Amino acid sequence: MQTNVANQTSNITVEDDRTGLSIETLKRAFADNLFYIQGKLSILANFTDYYMALSYTTRDRLLQRWLQTLKVYHEQDIKTVYYLSAEFLMGRHLGNSLINLDLYESIEQAVKESGLDLTEVLEQEPDPGLGNGGLGRLAACFLDSLATLEIPAMGYGIRYEFGIFNQSIQHGWQVEIPDKWLKCGNPWEVVRYESTVQVKFGGHTEVYNDDRGRPHTRWIPSFTVEGIPHDTPVPGYQTNTVNTLRLWKAEAGEDFNFQAFNSGDYDGAVATKIKSETISKVLYPNDNTPQGRQLRLEQQFFFVSCSLQDIIRRHLKKYGRLDNLADHAAVQLNDTHPAISIAEMMRLLVDDHQMFWDEAWRITQSTFAYTNHTLMPEALEKWGVPLFESLLPRHLEIIYEINHRFLQDVQTWFPDDNELLLRLSIIEEGGGKKVRMANLATIGSHAVNGVAALHTELLKQDVLRDFYKLWPEKFNNKTNGVTPRRWVLLANPTFSELITEKIGGSWLKHLDELRKLETFIDDPEFRDRWRQIKQANKQKLADYILAHNSVEVDVNSIFDIQVKRIHEYKRQHLDLLHIIGLYLRIKQNPNIKMTPRTFIFGGKAAPGYFMAKLIIKAINAVADVVNRDPDVHGRIKVVFLANFSASLGQLIYPAADLSEQISTAGKEASGTGNMKFTMNGALTIGTLDGANIEIREEVGDDNFFLFGLTAAEVEKMKYEGYNPRDYYDSNEELRTVLDRLAMGYFSPGEKDLFKPLVDSLLHHDDYMLLADYQAYSDCQAKVSDAYQDIERWTTMSILNVARSGKFSSDRTIKEYCDDIWNVKPVKVELEPYDPARA
Ligand code: GL5
């Protein structure tokens with residue numbers, strides 16, 4: 001493409017090319033970065049070059065704020081939040097940075113005058129997929145809110161060289177492709193070699209006496225790995241605060257490398273390097289189900305140790321003592337993945353900094369807090385004691401000591417309750433001893449929270465009930481939220497414009513103000529534009545579907561969407577059974593009237609999760625049959641969108657009419673996609689699970705399609721002996737649907753392909769699909785009726801958005817700040833940048 005990027009030499013002003021915001025300066029800076037950083041003439045540049053040059057142009061404008069923020073944090077007496085998470089699903093940086101810097105329009109103009117289209121340039125950015133799903137994306141929303149609320153905060157995690165795999169669909173099956181997100185470089189990170197940290201592994205421990213004859217333990221590791229910090233700026237929305245996401249890359253420790261090298265053992269030297277670098281090589285693609293692999297424990301300890309050493313080093317530099325650490329640092333454990341922090345902090349304080357145990361324990365407990373993200377029993381992390389012993393021998397000793405002291409206390413509080421001791425112990429006995437990470441995190445933290453009201457209640461009653469009995473005051477709820485900057489403003493610009501035109505722009509920082517939209521609910525012009533915007537968003541998604549799936553979809557049909565990880569508890573296959581039901585009704589009566597629908601699915605399955613992969617194949621198999629059948633006459637279409645990601649989400653949520661949130665009650669801790677759909681004007685069909693309950697409370701029962709068993713009913717039925725077969729026998733449509741699937745109707749030539757899926761439903765049905773089928777199908781009929789009445793649907797859609805304010809992650813973060821972290825905002829004032837003084 002021919003552009004005039006390089007022709008911007010006129011009108012040079014004194015405005016600094018690295019900070020100036022005029023269109024002329026931005027154009028010149030863009031051209032300059034293309035030339036000097038990408039090393040390209042504009043006539044030879046490609047879109048990646050444009051993306052890189054524009055990213056550097058934007059990053060320059062972040063740097064002044066970023067460095068000023070660091071300076072203020074360094075100089076002032078503050079308390080900082082450290083968010084430790086094995087996953088950060090940040091989404092693309094460029095568009096978000098432009099939004100948060102209030103630069104979007106100027107850059108769009110500058111890029112246009114340079115002969116380019118901004119959206120096309122934005123599309124070049126690889127989506128950094130350093131997370132699996134909701135948990136990783138929540139961490140990213142939290143960082144956005146922390147910076148927007150001007151809270152001193154830092155995210156700590158792992159700089160995976162390969163993020164979550166790219167999913168392609170071949171012959172209906174998921175195929176995993178490595179995610180080489182760093183292959184063209186990453187303009188958003190700054191490497192801080194000077195803050196490299198050493199992390200020990202393996203070996204043994206020994207006791208020694210210090211000068212005063214006091215005994216101490218030291219850890220003699222068998223190998224050491226270096227952690228290299230890679231920092232990414234996290235700008236707040238319309239504020240000067242730019243916080244830091246620090247991700248650690250593992251590299252070989254120099255000493256060890258050279259030993260092998262010097263003795264001529266070149267293979268050995270390389271092997272060490274490979275082994276070390278493997279630690280941050282790849283994200284484990286399991287969502288909600290831990291894989292008990294040694295490398296995973298290595299990853300967890302690696303980033304925890306790097307981060308805690310970093311926190312302590314910085315604290316010591318500033319205050320010269322550690323007894324006040326908890327006054328200046330609040331460390332949040334995002335699930336149990338960083339739970340080894342409790343033992344590592346104790347080791348650092350007691351062994352490295354020679355603190356007394358009780359003092360170290362007081363500091364540890366008051367510094368840490370733990371968020372639980374799942375109720376699935378199989379998702380609670382446990383590590384075999386032998387593995388722990390060989391990889392982290394000192395930590396195992398420390399864990400035993402913590403456990404011993406804790407169980408002694410429990411014994412004094414509840415004498416003679418051996419069963420209670422066994423349940424509370426950090427060590428699981430029998431069948432191979434295991435370290436229970438949730439117990440370690442709960443004992444070592446001053447606060448424990450769930451992520452939606454129901455989830456927290458179930459934690460108290462079930463998973464952590466014994467701990468709740470001991471320490472009811474430790475437990476609290478923090479219902480999740482999402483950032484409206486990415487999920488409304490960036491994802492749905494025309495919609496945001498309409499809202500701002502009606503109620504002003506402050507809703508983006510105070511989402512409760514969306515309530516003011518209710519004043520316009522009877523305004524026909526407003527309602528009309530509301531619908532037109534949805535229609536245009538649907539058209540954009542329809543274009544994408546045509547380009548990627550070669551399926552033409554009708555934008556006047558209901559866009560009925562389920563996007564999330566594929567998991568049996570999320571019940572994508574319940575959605576599918578309903579689709580098959582509708583299809584069979586059409587086949588039985590080709591003239592049947594039906595509100596047209598487009599069923600859209602997206603989501604990745606863990607590569608080793610057979611049933612989830614079979615569900616993807618089943619969706620695609622049904623799509624193949626339904627989409628080709630002339631009898632269907634455009635009434636239903638089925639589409640599976642490959643490679644669901646944050647950036648694809650930005651296209652999908654704004655285009656949805658109906659949001660599918662149909663997990664078995666009591667299984668989805670919160671969900672956050674449900675919130676993104678609601679904020680963009682979709683109505684929800686859902687169970688009383690996770691945050692659905694609170695969404696329904698907010699938007700009103702009349703504006704939410706509720707169906708299905710409650711969590712209590714699910715439990716009761718299971719307790720009394722659930723037999724899925726009863727539903728099969730008594731429900732004719734359900735029986736036919738399952739029979740067709742089992743008989744190979746949708747898998748010609750492979751008769752038994754879906755038999756495992758049907759067998760699992762008929763014989764186990766752990767997630768109660770059959771029990772909920774009829775209620776779901778009836779509720780879907782109500783959805784169809786409601787959609788026929790376009791005015792009613794519009795009203796419901798407006799009310800959903802107007803009442804979605806609670807689900808801003810700003811609200812969630814404020815609650816964490818007040819109830820758990822005890823931190824206050826810190827204002828960052830910009831000083832003019834003067835290179836001569838810097
Ligand atoms: C999850 C839960 O499954 C979600 O319900 C929840 O919204 C999310 C954030 O709290 O955490 N737990 C988990 O391991 N992943 C989740 O999405 O990946």
Side-chain angles (χ1 to χ4, degrees), residues 83 85-89 129-143 145 157 163-164 283-291 296 300 332-339 369-381 437-438 441 448-456 458-459 463 476-483 487 562-572 603-606 609 612 644-646 649 659-678 686-695 711 767 807 809 812-813 815-816:
Y83 200 79
S85 179
E87 304 187 7
F88 284 95
L89 254 184
L130 309 189
N132 273 288
L135 176 147
R137 181 54 226 176
L138 184 78
C141 283
F142 280 5
L143 292 189
S145 285
I164 184 77
L283 168 82
Y284 276 97
N286 297 67
D287 181 81
N288 255 304
T289 38
Q291 250 188 333
R296 173 77 176 171
Q300 295 184 350
Q332 192 67 31
L333 304 175
N334 197 25
D335 217 281
T336 54
H337 315 147
Y370 156 55
T371 306
N372 173 289
H373 291 270
T374 183
L375 290 161
M376 312 276 286
E378 68 270 29
L380 293 177
E381 285 193 299
M437 301 309 274
V448 176
N449 74 284
V451 290
L454 173 70
H455 172 227
T456 302
L458 295 175
L459 277 182
V463 185
N476 67 95
N477 176 55
K478 294 284 164 282
T479 298
N480 285 164
V482 302
T483 168
W487 297 111
Q562 188 169 18
V563 285
K564 50 183 77 218
R565 287 295 291 247
I566 311 292
H567 218 298
E568 285 163 282
Y569 84 80
K570 295 179 190 277
R571 304 200 295 191
Q572 281 89 357
K604 294 176 185 178
Y609 187 172
F644 181 62
S645 61
S659 153
E660 296 271 352
Q661 307 300 336
I662 60 176
S663 50
T664 318
K667 297 294 175 200
E668 188 70 89
S670 161
T672 42
N674 46 5
M675 302 169 185
K676 297 165 197 166
F677 278 113
T678 303
T687 48
L688 284 177
D689 200 15
N692 296 352
I693 297 174
E694 289 157 80
I695 292 178
Y767 301 105
F807 305 102
S809 43
T812 316
I813 285 298
E815 292 178 6
Y816 275 95

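Counting starts at 1 for both ligands and their atoms, following the listed order. Predicted model, so just to flag it, every value in this text is computed and none were measured. As a basis for the values below, the full set of heavy atoms in this structure was taken, side chains included, without hydrogen atoms, waters or symmetry mates.
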Open item on the list: Can you tell me how far apart CD (E87) and CG (N132) are? Round to the nearest 0.5 Å.
Closed with: 4.5 Å

Open item on the list: Rounded to the nearest 0.5 Å, what separates atom OG1 in T371 from atom OH in Y816?
Closed with: 3.5 Å

Task: Among N288, T664, D689, side chain to side chain donor-acceptor pair (under 3.5 Å) partner for Y569 - done: N288

Inventory of protein N or O atoms under 3.5 Å from ligand 1 N or O:
unit_1	atom_1	unit_2	atom_2	d
ligand 1	3 (O)	N288	ND2	2.8
ligand 1	3 (O)	Y569	OH	3.3
ligand 1	3 (O)	E668	OE2	3.1
ligand 1	5 (O)	E668	OE2	2.6
ligand 1	5 (O)	A669	N	3.4
ligand 1	5 (O)	S670	N	3.0
ligand 1	5 (O)	G671	N	3.0
ligand 1	7 (O)	N480	OD1	3.4
ligand 1	7 (O)	G671	N	2.8
ligand 1	10 (O)	H373	ND1	2.6
ligand 1	10 (O)	N480	OD1	2.8
ligand 1	12 (N)	H373	O	3.1
ligand 1	17 (O)	G134	N	3.2
ligand 1	17 (O)	L135	N	3.2
ligand 1	18 (O)	D287	OD1	2.4

Task: Atom pair OG/CG of S85 and L135 - distance to nearest 0.5 Å - done: 5.5 Å

TODO: Look up atom SG in C141 and atom CG in L89, then write down how far apart they are to the nearest 0.5 Å.
DONE: 10.0 Å

Open item on the list: Does any part of the side chain of V563, heavy atoms only, come nearer than 4.5 Å to the side chain of F677, both counted from C-beta?
Closed with: yes

